[in-house]
Peer 1: 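Below is a structure I'd like to ask you about.
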Amino acid sequence: MFRKIDVKAKPAEFEKPIRDYWKQHNIPQKSEDFREGAPKFVFYEGPPTANGMPGIHHAISRTLKDVVCRYKTMRGYQVNRKAGWDTHGLPVEIEVQKQLGISVKKEIEEYGIEKFNKKCRESVFTYEKEWREMTNLLGYWLDLDNPYITLTNDYIETVWWILNQYWKKDMIYVDNKIVPFCPSCGTPLSDHEVALGYREVEDPSVYIRFKVIDEENTYFLAWTTTPWTLISNVALVVHPDHDYVKVKNGDEYLILAKARLDVLKEEYEIVENYKGKDLEYKEYEQLFPFIKPNEKAFYVALGDYVTLEDGTGIVHTAPAFGEEDFAIGKEYNLPFMRPVNEEGKFTDEITDWAGEFVKDADKSIIKDLNMRGMLYFRTQMKHTYPFCWRCDSPLIYFARKSWYIRTTSYKDKMIENNKKIAWYPPYVGEGRFGDWLENNVDWAISRDRYWGTPLNIWLCEKCGHQDSPGSIKELQEKGSLVDGTPVPDDIELHRPYVDDIVFTCSECGGIMRRTPEVIDCWFDSGSMPFGQWHYPFENEDIFDKELFPADFIAEGIDQTRGWFYTMLAIATFIKGKSSYKSCLVNELVLDKHGKKMSKSKGNAVDVFKILDKYGADATRWYLLSVSPPWIPTRFNEEGVLEVNNKFIGTLKNVASFFATYGNIDNFEYDEYKIAVEDRPELDRWIISRLNSVIKKVSEFNEKYDLTRAVRLLQSFVINDVSNWYVRRIRKRVWASGMEDDKVAAYMTLYEVLLTVSKLCAPYAPYISEEIYRSFTNKESVHLENYPEHDEELILPELEKEMQYIIDIVSLARAARNEAKIKIRQPLRTLYVPEGLKDVVERMKSLIVEEINIHDIEYVKDKTRFMDYSIKPDYKVLGPKYGKHMSHVAQALQNMDANHLIDILNKEGVYHLDVDTNEIKLTKESLQIETQNKEGFVYSEEGDVFVALDTRIDDELLLEGNARELVNKIQFMRKEQDFDIMDRIEISFYTESDEIKETFEKFVDYIQKETLAVEIAEMENSDGLKSWNVNGKEVFLQVKVISETPHSKIS
RNA sequence: GGGCUUGUAGCUCAGUUGGUCAGAGCACCGCUCUGAUAAGGCGGGGGUCGGUGGUUCGAGUCCACCCAGGCCCA
């Protein structure tokens, strides 16, 4: 017995019992265990943060990961799937701050770091339930019960070990870093936060004179929108290759870019031309002499970043307040002046504005410059400027101390390793990621925050000596708690606990304390290959053999500079190679208008709703098939519905069809044996198609081209299996008894469906499992091997021939349609080409049934039905005759096509004169097409054509009536919800002699088709239902007379 | 502003190395089949292949520029 597949169940109801079964029988674990000892396929899960809700965009990469892991498992590898959680970082802190209603760092410290971090720890898993649920519903098998978690001591210990490796090799240093800073919150913002707060505002746009030294009455004209930074000016920057000029403007001389002369207010006269590089090191007078620098300053430097879009082509530079400025400052060794405190106020050195918020000082600084005659011109200008998303104050860019890793020192090695990674699609690795690596800068790894892996570097208060523990043991050996007690084994490796540990300086005996920063959480996730196994403290022996590197990872493209980079950077340093061999990249999921989904826009798709409404199989299949994952997917809910109706629904129904009839006949696959070559051609055809599909799907899978794989499978199931094979075997299945013909159909369909269940298992794990388990007594399709194709069963010739049959049927239906004769009306003869006689004779029954005709005849000369028309084959003639082609086409159009074809058939070649060229025409150089001759219903495609005899004689008419009656009776059976096997009694009444005659002549046929045991003519229409049968009125009634569930009428 | 990427029917997508009425599915309209099907079949309407220029006998396809969406970076 085959378990019936419930085709009516809602997707969510359909999938739940399967999920329960997996859980009960521990199938996910078994799918790892049953490959014990097999070669490993190493997969790494990129850790999500569980403090936000999972969305549909998470579903895409989870689907990809799951599909590949399932596929590789079925291919014979052991695939371990350890889950992971990213738990540190600013987003967590921000969530907690929101909860607590505080926004400033000072408030966190007042609240208490211990309490604050405790809150963070709790909030990290706020949405873990939802993540588990989504993962579970989606069918993503992941070991969520043994995940790696970046906040555990083991994990942190590994991160410390890695950082310590860098430190020991002198790869870590301290420098300034320009960060976007909110002076009101007193905190730097992450790039992500900055992006939240861009707004268009008006700012002053000022043109300033800088007095050139040693040149009378001459000034550089520079431009800025942040006047307050002028106080810290140390240099002017020009583009080395742009043209600059000195002009006489009124009674003074100004230097600026030639392309920006239109900013000048008055008439001017060019007195000298320069290239930017000619100006290098030219000195000017300090604008605000508050601070005396100890390095050489106040001269012109060169920078490629200077543009001629706005300003004067001369950029004022203050290294503490801009990233480009900072870089130039380093390059030229310019003094570093930062007379601004962490509240964004000028320090005491700046006597005139001490204590004033820098942005507020803009006005009076401009005024001061104006009074001193240094202001050339001021105006207001609209531009986008970042604001704090929390408190709405304008951000300032600002130098702060930061710890760096010298990644640039092994940049070449990273580039080399990247070339060995197989990227899908390749352009991400070559282009986007490759370019990014080329422009690698040292990694700023410290964050002035609270909730994160504490930076494991201790500094001596007295002599500045550094030390770094690389393990808990080392921490215990080197340090002790402030009160002198030893560091406990279970010390929590977070702030504030580690802050309480002090070392004694080995150099001067002073007290060493931990530097207060925490580590960038990207360093955490990038350490994941090591951290998840607590390497090297555990698993060291098997690490390089079994756990590293990953064969495969898959995440969103936004990880290019994130996880993809940190995974490469850390592993290259620690192991000398990348931590992943291949990487499948997915783009984001957009709404159906191609816009980014966001909560605030309200266009975000609720993944739970989708899973509930359509099920995981349809959702996964949709995401895979709609477009290749690496181009942005426009999520269209109707598309998911379509997958459900068409693909999933069809597959379920085919399986249900098989189970229904297989059970009626008590079919058991193992009880029969008919070799494929002994089965009817239709069966051999579908098996050939199946093997062709296995071959192609495997090829696609190996290339991670999952989109093509599912599209091919979908088309196979819908077109080949359902619309052709099953449709054509129904008569065989309805037959009584268990003749070989029927058994072969059952065997074939069984084999096809079982194989399809395995082929689809990685993509649609639920329906595949259901079919597999309905068909076998085995435990799970996910413990199977992926099907391998059998080259001997692929019969290209048969596939081509079947295509002829399919084309004939399609054309004949079109012909019927054109003749306006419906299919229920039988016709006498269909004409097909002589050349196909062999094929058609072999598969005649397929056509006869489908088209409802009595006979097929073969004709040699199709010109009986059609005319030829000809066109040049451009691909052949084009290269030869080039620009004469349009004239060739014209000449051909004017010829008698039938005549030309005649000559070509006889002589093989025809000479044509065009533009004094002699054109040699052969059949190969022409595209020959055909058109209907009047009076025939005729259609053609490729080598195939059909013609239909549309005459209906009396016998055909009655036969048509009979089919019509059967149709009505079947409809009534269905309407009254009779069982398929119910036998019935038919009552009819009609005044039409033609219908009466039909009943008489076709009584057997009608009885057989409708399982009627009796047909009775009534004296009137009382209680009967009226029907129109080919224009005649008939009254009908059907009743069940007995129920015979498991046998058919004979 | 820079890099990458996408733009083909109302919607979602195919369109191989340039080769001639530009395709599929959905949706819409007409007809039709059906005791597995929420399906299927036949036909119809619907496209200046984002725009402009160029190369070529010939461009959705190659080149340049521009416009729009997306991602990343400034």
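So that the names make sense, note that chain A is the first sequence line, chain B the second, and so on, each numbered from 1. All values reported here derive from a predicted model rather than from experimental measurement.
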Peer 1: To the nearest Å, how far apart are A:Trp563 CH2 and B:C71 P?
Peer 2: 22 Å

Peer 1: Got a sec, which residues hit ring-ring contact (aromatic ring centres under 6.0 Å, His included) with A:Tyr725, two or more places apart in sequence or on another chain?
Peer 2: none

Peer 1: A:Trp734 side chain N/O closer than 4.0 Å to the phosphate oxygens (OP1, OP2) of B:A36?
Peer 2: yes

Peer 1: With a non-hydrogen cut-off below 4.0 angstrom, is A:Val654 in contact with a base, only sugar-phosphate, or nothing?
Peer 2: base

Peer 1: Just to be sure I understand the rule, does A:Gln970 reach a base, reach only the sugar-phosphate, or reach nothing, if contact means heavy atoms closer than 4.0 Å?
Peer 2: base

Peer 1: Classify the nucleic acid contact of A:Phe978 as base, sugar-phosphate or nothing, counting any heavy atom under 4.0 Å across all strands shown.
Peer 2: base

Peer 1: Starting at CD of A:Glu849 and ending at P of B:C33, how long is that distance when rounded to a whole Å?
Peer 2: 16 Å

Peer 1: Using the C1' atoms only, state how far B:C49 lies from B:C71, rounded to an integer number of Å.
Peer 2: 25 Å

Peer 1: Could you walk me through whether A:Glu964 and A:Lys822 pass the salt bridge (Lys or Arg N to Asp or Glu O under 4.0 Å) check?
Peer 2: CA-CA 11 Å; A:Glu964 197 70 30; A:Lys822 52 186 175 183; 3.8 Å; yes

Peer 1: Quote, to the nearest angstrom, the C1' distance that separates B:G10 from B:G54.
Peer 2: 33 Å

Peer 1: Could you walk me through whether A:Arg963 and A:Glu1009 pass the salt bridge (Lys or Arg N to Asp or Glu O under 4.0 Å) check?
Peer 2: CA-CA 9 Å; A:Arg963 276 198 66 151; A:Glu1009 289 293 315; over 6 Å; no

Peer 1: Can you check the A:Leu641 CG to B:U12 C1' distance for me, whole Å?
Peer 2: 13 Å

Peer 1: Would you measure the distance from the C1' atom in B:C33 across to the matching atom in B:A22 and give it in whole Å?
Peer 2: 31 Å

Peer 1: The criterion is salt bridge (Lys or Arg N to Asp or Glu O under 4.0 Å); which residues satisfy it with A:Glu770, sequence neighbours excluded?
Peer 2: A:Arg3

Peer 1: Surrounding NZ of A:Lys10 (heavy atoms of other residues, nucleotides or ligands, distance under 6.0 Å), is the total greater than 12?
Peer 2: no

Peer 1: Would you kindly give the CD-to-P distance between A:Gln714 and B:A14, to the nearest whole Å?
Peer 2: 14 Å

Peer 1: What integer distance in Å separates A:Phe564:CZ from B:C72:P?
Peer 2: 13 Å

Peer 1: P atom, B:C13 versus B:U8: distance in rounded Å?
Peer 2: 9 Å

Peer 1: What is the distance, rounded to the nearest whole Å, between atom CZ of A:Phe635 and atom C1' of B:U6?
Peer 2: 20 Å

Peer 1: Checking the side chain of A:Thr407 only, and the main-chain atoms of A:Val441 only, is there a donor and an acceptor separated by less than 3.5 Å?
Peer 2: yes

Peer 1: Taking the minimum atom-to-atom distance to the side chain of A:Arg963, which one of B:C13, B:C26, B:U34 wins?
Peer 2: B:U34

Peer 1: Do A:Asp705 and A:Arg708 make a side-chain contact, defined as non-hydrogen atoms from C-beta onward lying under 4.5 Å apart?
Peer 2: yes

Peer 1: What contact category does A:Pro628 fall into here, base, sugar-phosphate, or nothing, at under 4.0 angstrom with non-hydrogen atoms?
Peer 2: sugar-phosphate

Peer 1: Does some side-chain heavy atom of A:Phe775 sit less than 4.5 Å from a side-chain heavy atom of A:Ser757?
Peer 2: no

Peer 1: Between B:A74 and B:U55, how many Å separate the two P atoms, rounded to a whole number?
Peer 2: 41 Å

Peer 1: Please list each protein N or O that sits under 3.5 Å from an N or O in nucleotides 27-29 of chain B, with the distance.
Peer 2:
none

Peer 1: Of the nucleotides B:A36, B:U5, B:U37, which has the atom closest to the A:Tyr661 side chain?
Peer 2: B:A36

Peer 1: Starting at the 5' end of RNA chain B and moving along, which residue's nearest nucleotide shows up first, A:Arg824 or A:Val428?
Peer 2: A:Val428

Peer 1: Could you write out each protein N or O paired with an N or O of nucleotides 39-43 of chain B at a distance under 3.5 Å?
Peer 2:
from: B:G40; atom 1: OP1; to: A:Lys646; atom 2: NZ; distance (Å): 3.1
from: B:G40; atom 1: O3'; to: A:Asn723; atom 2: ND2; distance (Å): 3.4
from: B:G41; atom 1: O2'; to: A:Arg813; atom 2: NE; distance (Å): 2.6
from: B:C42; atom 1: OP1; to: A:Ser810; atom 2: OG; distance (Å): 2.9
from: B:C42; atom 1: O2'; to: A:Asn817; atom 2: ND2; distance (Å): 3.3
from: B:C42; atom 1: O2; to: A:Asn817; atom 2: ND2; distance (Å): 3.0

Peer 1: When you measure from the side chain of A:Glu642, which nucleotide among B:A36, B:C13, B:G25 comes out closest?
Peer 2: B:G25

Peer 1: When the C1' atoms of B:A27 and B:G45 are considered, how many whole Å apart are they?
Peer 2: 13 Å

Peer 1: Mind checking A:Ile557 for me? I need base, sugar-phosphate or nothing, with any heavy atom below 4.0 Å counting as a touch.
Peer 2: sugar-phosphate

Peer 1: Between B:C71 atom P and A:Glu555 atom CD, what is the distance in whole Å?
Peer 2: 18 Å

Peer 1: A:Phe326: which residues meet the ring-ring contact (aromatic ring centres under 6.0 Å, His included) condition with it, sequence neighbours left out?
Peer 2: none

Peer 1: NZ of A:Lys411: more than 12 outside heavy atoms within 6.0 angstrom?
Peer 2: yes

Peer 1: For RNA chain B, what are the stems built from at least three Watson-Crick or G-U pairs in a row, each pair having both distances below 3.5 Å?
Peer 2: B:1-7 with B:67-73, B:10-13 with B:23-26, B:28-32 with B:40-44, B:50-54 with B:62-66

Peer 1: Please tell me whether A:Tyr661 and A:Trp734 have a donor and an acceptor in their side chains that are separated by less than 3.5 angstrom.
Peer 2: yes

Peer 1: Any non-hydrogen side-chain atom of A:Met802 less than 4.5 Å from a side-chain atom of A:Leu846?
Peer 2: yes

Peer 1: Taking the C1' atom of each, how far is B:A59 from B:G18, in whole Å?
Peer 2: 6 Å

Peer 1: For nucleotides B:U48 and B:U12, find the distance between their P atoms and express it as a whole number of Å.
Peer 2: 16 Å

Peer 1: Report yes or no: does A:Asn961 contribute a side-chain atom to a donor-acceptor pair with the main-chain N or O of A:Asn1030 at less than 3.5 Å?
Peer 2: no

Peer 1: If you round to the nearest 0.5 Å, how far is NZ of A:Lys696 from CG of A:Leu712?
Peer 2: 7.5 Å

Peer 1: Please tell me if A:Arg711 has a side-chain N or O lying less than 4.0 Å from either OP1 or OP2 of B:C13.
Peer 2: no

Peer 1: Using a heavy-atom cut-off of 4.0 Å across all strands, would you classify A:Asn967 as base, sugar-phosphate, or nothing?
Peer 2: sugar-phosphate

Peer 1: Rounded to the nearest Å, what distance is computed from the NZ atom of residue A:Lys731 to the C1' atom of nucleotide B:A36?
Peer 2: 15 Å

Peer 1: Pick the closest RNA chain B nucleotide for A:Arg708 and for A:Asn644 by heavy atoms, then say which residue is nearer the 5' end.
Peer 2: A:Arg708

